[in-house]
Each structure stands twice: as C-alpha cells, then as structure tokens.
Amino acid sequence: MKKQLTEILHNSLSTCLADGLISSKEIPLFFLEIPKDKGHGDFATNIAMVLASLEKKSPRAIAELIANNIQDPGGIVERVEIAGPGFINFFIKTEHWLDCLQTIGEQGSSYGRINPEIKKRVQIEFVSANPTGPLHIGHGRGAVIGDTLANILETVGYEVVREYYINDTGNQINTLGKSVFIRYQQLFGIKCKFPDEYYQGEYIFELAREIRETYDDHYLKNEGGESIPFFSSYASRRVLENIKLDLKAFGVRFDNWFSEKDLFENKEVQKVIEDFTAKGHFYRKDGALWFKSSDLGDDKDRVVIKGDGTTTYFASDIAYHKNKYERGFDQVIDIWGADHHGYIPRMKAVIQAMGKKQEAFRVLLVQLVNLLRGGKPIAMSTREGKYVTLHEVVAEVGKDAARYSLLLRRSDSHLDFDLELAKEKSENNPVYYVQYAHARICSIIREAKKQHLEVPSFKNIDAHLLTLPEELELIKQLAAFPGMVKGSADSLEPHRITFFLNQLASKFHSYYNKHRVISQDNQALSCCRLYLISAIRIVINKGLNLLGVGSPASM
RNA sequence: GCGCCUGUAGCUCAGCUGGAUAGAGCAACGGACUUCUAAUCCGUAGGUCGCAGGUUCGAAUCCUGCCAGGCGUGCCA
C-alpha cells in the first residue's frame, strides 16, 4: 500500500519535472506515514515542505503541483488534500481496505511474511552468559529480546541463525572449579577458607554433593591443583545444562552453541593474531601485544596478549567474530547487557580491521532489570550468591507473562519487573488483555458454530456491509501490521509488537462492547463480522507467535 | 576527568528516525453484566516533554552548554 503510494508520488514528481514545473532532480528524503489524526487522511507526506527550500516556492504551491499531477492507475486513492503548512494527505478508498481484509483471510498465518528471492543471512548472538551460575532476570530479558527479534527477522525474510557463545575456558571457569572443589573438601570435613571472590551460590554446594555421590573422595587429593580441571569442566558442563533447560522452559531456542574452547583448539585465536599482526593492527609494548584500536575509532589501544603470555577475552572475541563472517553472514547482531557498552568501540574497530562494512555489525544493548515484589525492590547480590534466578521467575509467573512483561519496554530503557504484577490475572496485566481478546474471538466463533454459522471465506460475504467507523478502523489497523513488523525488524525494536497488539486488542474490546457480532436477524452481516473478527484473531495470533507467547482459545 | 544511556501526566512508559491540537496503561473519581467471556467497556480529571540557548516553514525528537540518575572507563570477564 505504502509502496504503491510512494510510486504514485514519484510518478507525479517526474511528470512535474518533465513539464518544467519543478527543477530539483534530486529528491530529498521525505516521509510518507500514517497520521495520528484521522482527519489528516490515511497517509500523509511532507514532500512539498522538504522541496520548498530547494525550489524557492511556498510549500503549498508545490503541494498543488504534485497533487494536480497525480495519476492513480490502481484506483486506490479516494481523494487528495493539501493541508496545514503543505502536507499532502491521501484518503484511500474503502474498496482498497476491503482488499487488505481479503488478503489476511487468504494468507492466514503467513500474513505479514516477506519472501525475498535472495534471503540475507543474519546471525544473532544473545544471552551468552558465562556457564558459572544460573541465569537471572537480566539474562532473561536479553533472551526474550533476542529470541523475538530472531522471529521478527525471519518473518521479514532473513535467514536467521540464533547463537549462544559459551565462555567455557579461562579464569572464571577456573574459579568455578576451585569454588566447587573447596565445597567438596568441606563435605569431607576438611576445614578450608572460601575466598570472597569465589562463586558463592547454593548451586556450588549442590555440584559438590553431586560429585561426592558419584566419585566419593576420588578427587580429594589435589597436589599441584591436579583435580581442578575436572571440577572446572564438570561444573561448567552441569551449569550449562541447566542454563539450556531454563532457556527451553522460557521458550528460547538456539540453533548453535558455540564454544570458546573450540576457538583455541582449532587454533583460530592463534591464526587471527598472526593475521592481524601481519596486517599491522597489532604491536608489542611493555611485554604485551596490543590492538591498535585507537586508529579505528576507539579511545585507547587494547591488550590481546598479556605480559604472562595468556590471551585476553578480547582476543577470543576477535577470533569469534572473524569466524562469524567466515560462515557467510551478511549481518551479525550482538545483544549485550548495557554494562558492556564500553566494549562497542573496540569491537567496531575489529570489524573495520577485518574490512567489513559498519552495517555488517550491529549491537543491541539491553538495560538492566529491577526485580520488584509488590512495588518494593528485591535485594540481590551476585557476590553473595543471593539472587532470584530466571528459573524461579518463570516458575512463579509463567512463561507468557514473563516474556510479555520483558518485551513491554524499549530495550535501552531500564525495566521494572514486578513479580506480583506479572502474576496478577487482572486488568493490570497487559498479557491477559491481549490474550483475552484472542480467547473472546475464539469464543464468539464457537458460539456461531452452535448456531450453524462458520467463518466464511471472503468471496462469500458482502464486505460492504462493514460500514461502521470502528470496523474500518480495525481493518486499517490490521492492514498496518506488515509495515509495523518491518519497522520493528529494521530498527531492532521488538517492543513495537507489544504496543501494536495492545492497541489492536483495545480496538477489538471496544468494538465488542458496542456491537454484536452475531445478530439473529441479519445473517449476512453476522458473516461479515465473523470474517472480520477472524482476521483480527489471525493477526493477534501472529503477533503473539512472534513474541513467543501463547494464544489461548479460552481463558 | 572522559565516554555511553536515560530524564515526557502522581506512578510505569509509548511517541514510527524533524511534522499538524504530545499519547497509552496504572492510580483517583463517576457509570455499564437477564444479551456472542466484566481478565472487558464508556466517561471525567491529569503536561513549562529536566533547564537554558541554537538550527528552520516546524523541535519531545537534531546541535551546544548546564542539572539529575544509571553504567562504563583493567594486561577482569
């Protein structure tokens, strides 16, 4: 629809140009959008205003020229108005909206899907929490955003690979092993001090008990730290298993689990170091190897090999991202916690050093989550191992409410997550508001069936009976769905889906309360309305699917 | 000190990449269930878009300077 109008506009501009009515060959960026105010038409453009300064004419005069030269071979435009300082407002024929309605019924669950001839390949990496402890609500937010974004990108025609990067080597895994080892020793009555910086949680005790049950005291002797590698790999493997279970219960799916350890075993870290050194991106100073990131937009250079000869986390990251592009992705999206934002410039420097375009790498930052209960913050301390896990949150409030609540805000704004509110089955909880609309529609359709009325196909209804302003409003909203999804994909903003669904549900609830779908004395009208609400159901279902939230048929 | 994010109704937040009279939900107040699900709807009230300048036909949105909060600024991950 928007595409057609844009075409119409461009044609009009070319005509004006050919007739010498305007002189600008270059058309500046302009918008064509759905105005907030219904009185301003179905679509509005500011093109005359942006041309005004170039043409040195008044915006309204230019608007006249463009409007007068509009040809509309498809016959979708009802009328064109020039308004305000020089907006051109388009009013679309009802006929065209009814066509949109038909499309929804015909396409069903594939409505809104874009199928390009060549699919771009995009990788989206998210969560990637270290396997040193259970996931918390902050990871959960990153998980839902990543998962939902992947769904959205698939819908608009990308081939998407979802990936989790496992930091299964290095210091923190070593510390994990030592933490479990000390608890293991303590189980045998050996008195030893547990350092503050070690992992404190209850799960460390559980892992120690597990090992004692299976292996008894076999690993108790630890001369020169010989037992630690076992504890490290055992513990990180078990923690990761639990992470996988938690994510699965949360409806988050991954295609690929990428191990950092593999990068070392396949010598990829080594290779990329040699490669970058050869290309002059690395240099030696003070016994360490540095990346010249300050040449590429970062504010200082970064160490990749420390003075003691070990590599930094950053070195693995360089190798990892090189690996991503070698797998042929057109675009790589990383979803990080906002506390990693200082990392972006150096990563962008890496991308540049690899000769990739800036657009090939995008980072989406996800802000922290404040967990509340009844309006009061829940005290958490990672250091003391006292925190509410994602597993506990999902178990308490359920997958649907948890996911929806985490998708309610823009990802770069702080989010308050109230456990009581998310659990409440009431008007305070937006998930139920949308799901209820879906259930209601299903209920009406069931009721219709009892009266031997099935949802008809479009050709069997007289759609012109849908004359109420509320009905036209609903149809327009449904027609806006594909564009909204596209916008959500382009801007990496999954929260747009939740806002759209809330709005659609609101319009439906309002319509429902005012008008009856099934009327005894008018079967033709009943059929039309059944078709309409069925289309609403399709779109709500589609939207909730994108969010990974269920669409119940009854509540 | 420097860098990034945030600041919009009493509270929690949208605002579609600069558009027309700034919008929702909650909380408050008043209404609607013998009728397809009241987990719903209708109505009332609520604003110096942190402050001050600037850019232009036009600014919550862009630029500069302040103010406030959060985060970052490791040869940690």
Side-chain angles (χ1 to χ4, degrees), chain A residues 29 31 33-37 39-40 44-46 49-50 52-53 58-60 83-87 89 130 132 167 170-173 175 285-290 299-300 302-314 316-317 337-345 365 367-368 375 408-410 412-416 418 421 424-433 435-437 439-448 450-451 480 483-484 487-488 490-491 493 495-496 498-500 502-503 505-506 508-520 526 529-530 533 554-555:
Chain A
L29 274 178
F31 76 76
E33 63 167 16
I34 302 171
K36 285 174 221 159
D37 189 331
H40 298 143
T45 178
N46 66 341
M49 281 126 98
V50 290
S53 61
S58 86
R60 289 195 70 108
F87 289 103
N89 296 335
N130 293 342
T132 54
N167 298 116
N171 255 333
Q172 77 285 0
I173 295 297
T175 305
K285 195 183 96 185
D286 305 332
L289 190 69
W290 296 71
D299 48 3
K300 58 175 91 161
R302 308 290 173 177
V303 170
V304 283
I305 301 182
K306 296 179 260 184
D308 65 3
T310 60
T311 56
T312 60
Y313 179 88
F314 183 46
S316 314
D317 255 354
D339 52 341
H340 286 65
H341 71 79
Y343 218 75
I344 296 176
L365 291 178
Q367 271 292 353
L368 308 174
L408 222 40
R409 307 278 174 250
R410 236 174 45 218
D412 57 3
S413 75
H414 291 260
L415 175 86
D416 289 336
D418 196 309
L421 200 79
E424 223 174 291
K425 296 193 173 179
S426 76
E427 66 275 8
N428 294 345
N429 200 332
V431 202
Y432 298 109
Y433 187 76
Q435 289 186 323
Y436 186 53
R440 245 183 178 172
I441 294 172
C442 292
S443 170
I444 300 170
I445 292 173
R446 279 194 300 270
E447 185 61 32
K450 281 186 205 158
Q451 304 180 24
M484 184 279 302
S488 169
D490 291 344
S491 58
E493 291 181 347
H495 74 277
R496 290 194 196 183
T498 57
F499 277 87
F500 178 92
N502 276 334
Q503 212 176 9
S506 164
F508 166 73
H509 283 311
S510 183
Y511 174 66
Y512 172 89
N513 272 276
K514 209 166 159 188
H515 306 285
R516 288 190 61 83
V517 173
I518 307 166
S519 53
Q520 309 301 334
S526 299
R529 291 185 173 173
L530 268 179
I533 63 163
S554 66
M555 286 172 78

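Model, not experiment: these values are computed from the prediction. To find a chain, count down the sequence lines: A is the first, B the second, and so on, and within it residues start at 1.
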Closest listed nucleotide, where the reference is the side chain of [X] and the choices are [options]:
{"X": "Glu493(A)", "options": "rA77(B), rG15(B), rU37(B)", "result": "rG15(B)"}
{"X": "His509(A)", "options": "rC57(B), rC16(B), rC41(B)", "result": "rC41(B)"}
{"X": "Val303(A)", "options": "rA20(B), rC75(B), rA14(B)", "result": "rC75(B)"}
{"X": "Ser510(A)", "options": "rA77(B), rC41(B), rA39(B)", "result": "rC41(B)"}
{"X": "Lys300(A)", "options": "rU73(B), rC75(B), rC16(B)", "result": "rU73(B)"}
{"X": "Asn89(A)", "options": "rA20(B), rU40(B), rA39(B)", "result": "rA20(B)"}
{"X": "Met555(A)", "options": "rU37(B), rA77(B), rU17(B)", "result": "rU37(B)"}

NA contact type, [X], heavy-atom cut-off 4.0 Å: base, sugar-phosphate, or nothing?
{"X": "Ala52(A)", "answer": "nothing"}
{"X": "Asp308(A)", "answer": "nothing"}
{"X": "Gly487(A)", "answer": "nothing"}
{"X": "Ala439(A)", "answer": "base"}
{"X": "Ser413(A)", "answer": "sugar-phosphate"}
{"X": "Ala83(A)", "answer": "base"}
{"X": "Ser554(A)", "answer": "base"}

Would you say [X] places a side-chain N or O within less than 4.0 Å of OP1 or OP2 belonging to [N]?
{"X": "Arg410(A)", "N": "rG15(B)", "result": "yes"}
{"X": "His495(A)", "N": "rG15(B)", "result": "yes"}
{"X": "Lys36(A)", "N": "rG19(B)", "result": "no"}
{"X": "Tyr512(A)", "N": "rA38(B)", "result": "yes"}
{"X": "Tyr436(A)", "N": "rA39(B)", "result": "yes"}
{"X": "Tyr433(A)", "N": "rC41(B)", "result": "yes"}
{"X": "Lys306(A)", "N": "rA77(B)", "result": "yes"}
{"X": "Ser316(A)", "N": "rA77(B)", "result": "no"}
{"X": "Arg302(A)", "N": "rG74(B)", "result": "no"}

Could you tell me whether the side chains of [X] and [Y] share a donor-acceptor contact shorter than 3.5 Å?
{"X": "Asn130(A)", "Y": "Thr132(A)", "answer": "no"}
{"X": "Ser491(A)", "Y": "Arg496(A)", "answer": "yes"}
{"X": "Arg440(A)", "Y": "His509(A)", "answer": "yes"}

Spacing of the [atom1] atoms in [M] and [N] (rounded, Å):
{"N": "rC49(B)", "M": "rU21(B)", "atom1": "C1'", "value": "15 Å"}
{"N": "rG47(B)", "M": "rU8(B)", "atom1": "C1'", "value": "8 Å"}
{"N": "rC62(B)", "M": "rU55(B)", "atom1": "C1'", "value": "8 Å"}
{"N": "rU6(B)", "M": "rG10(B)", "atom1": "P", "value": "22 Å"}
{"N": "rG50(B)", "M": "rU61(B)", "atom1": "C1'", "value": "15 Å"}
{"N": "rG18(B)", "M": "rG58(B)", "atom1": "C1'", "value": "8 Å"}
{"N": "rC26(B)", "M": "rC4(B)", "atom1": "P", "value": "38 Å"}
{"N": "rC57(B)", "M": "rU73(B)", "atom1": "P", "value": "45 Å"}

Between [atom2] on [N] and [atom1] on [X], what's the gap in Å once rounded to a whole number?
{"X": "Met484(A)", "N": "rG15(B)", "atom1": "CE", "atom2": "P", "result": "13 Å"}
{"X": "Ile441(A)", "N": "rU37(B)", "atom1": "CD1", "atom2": "P", "result": "12 Å"}
{"X": "Asp412(A)", "N": "rU6(B)", "atom1": "CG", "atom2": "P", "result": "5 Å"}
{"X": "Leu408(A)", "N": "rA14(B)", "atom1": "CG", "atom2": "C1'", "result": "10 Å"}
{"X": "Phe508(A)", "N": "rC41(B)", "atom1": "CZ", "atom2": "P", "result": "11 Å"}
{"X": "Asp490(A)", "N": "rU17(B)", "atom1": "CG", "atom2": "C1'", "result": "11 Å"}
{"X": "Gln367(A)", "N": "rC71(B)", "atom1": "CD", "atom2": "C1'", "result": "7 Å"}
{"X": "Asp339(A)", "N": "rG3(B)", "atom1": "CG", "atom2": "C1'", "result": "15 Å"}

* **salt bridge (Lys or Arg N to Asp or Glu O under 4.0 Å) involving Lys450(A) - partner list, sequence neighbours excluded** =>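 Scan of Lys450(A) (salt bridge (Lys or Arg N to Asp or Glu O under 4.0 Å), adjacent residues dropped) gives Glu447(A).
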
* Asked: Arg446(A): what forms a salt bridge (Lys or Arg N to Asp or Glu O under 4.0 Å) with it, not counting sequence neighbours?
  ->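 Arg446(A) satisfies salt bridge (Lys or Arg N to Asp or Glu O under 4.0 Å) with no other residue.
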
* Could you tell me whether the side chain of His341(A) has a donor or acceptor atom within less than 3.5 Å of a complementary atom in the base of rC71(B)? => yes

* Check whether the side chain of Asn46(A) and the base of rG19(B) form a donor-acceptor pair under 3.5 Å. => yes

Under 5.5 Å between ring centres and under 30° between planes: true for [X] and the base of [N]?
{"X": "Phe31(A)", "N": "rG19(B)", "result": "no"}
{"X": "His340(A)", "N": "rA77(B)", "result": "yes"}
{"X": "His414(A)", "N": "rG70(B)", "result": "no"}

* Under 4.5 Å between any side-chain heavy atoms of Leu408(A) and His495(A), yes or no? ->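 Result no, sub-4.5 Å side-chain heavy-atom pair not found.
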
* Got His40(A) and Phe87(A) here, is their nearest side-chain heavy-atom distance under 4.5 Å? -> no

* To do: Starting from the 5' end of RNA chain B, give me the residue, Asn513(A) or Ile305(A), whose nearest nucleotide shows up first.
  => Asn513(A)

* Could you check Tyr343(A) against Phe87(A) and say which one's nearest nucleotide on RNA chain B is further toward the 5' end? =>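 The residue mapped nearer the 5' terminus is Phe87(A).
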
* Could you check whether the rings of Phe314(A) and Tyr343(A) sit parallel, tilted or perpendicular, using 30° and 60° as the cut-offs? =>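 Answer is perpendicular, since the angle exceeds 60°.
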
* To do: Look up atom CZ in Phe499(A) and atom CD in Glu493(A), then write down how far apart they are to the nearest 0.5 Å.
  =>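 Interatomic distance, Phe499(A) CZ to Glu493(A) CD, rounded to 0.5 Å: 10.5 Å.
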
* What's the verdict on side-chain contact (heavy atoms from CB on, under 4.5 Å) for Ile533(A) and Ile444(A), showing C-alpha distance, side-chain angles and the deciding distance? -> CA-CA 9 Å; Ile533(A) 63 163; Ile444(A) 300 170; 3.8 Å; yes

* To do: Under 3.5 Å for both distances, Watson-Crick or G-U wobble, that's the pair rule; now give the dot-bracket for RNA chain B, with | marking pairs to another strand and [ ] for crossing ones.
  => (((((((..((((.....[...)))).(((((.......))))).....(((((..]....))))))))))))....

* salt_bridge(Lys306(A), Asp308(A)) N-O dist < 4.0 Å -> no

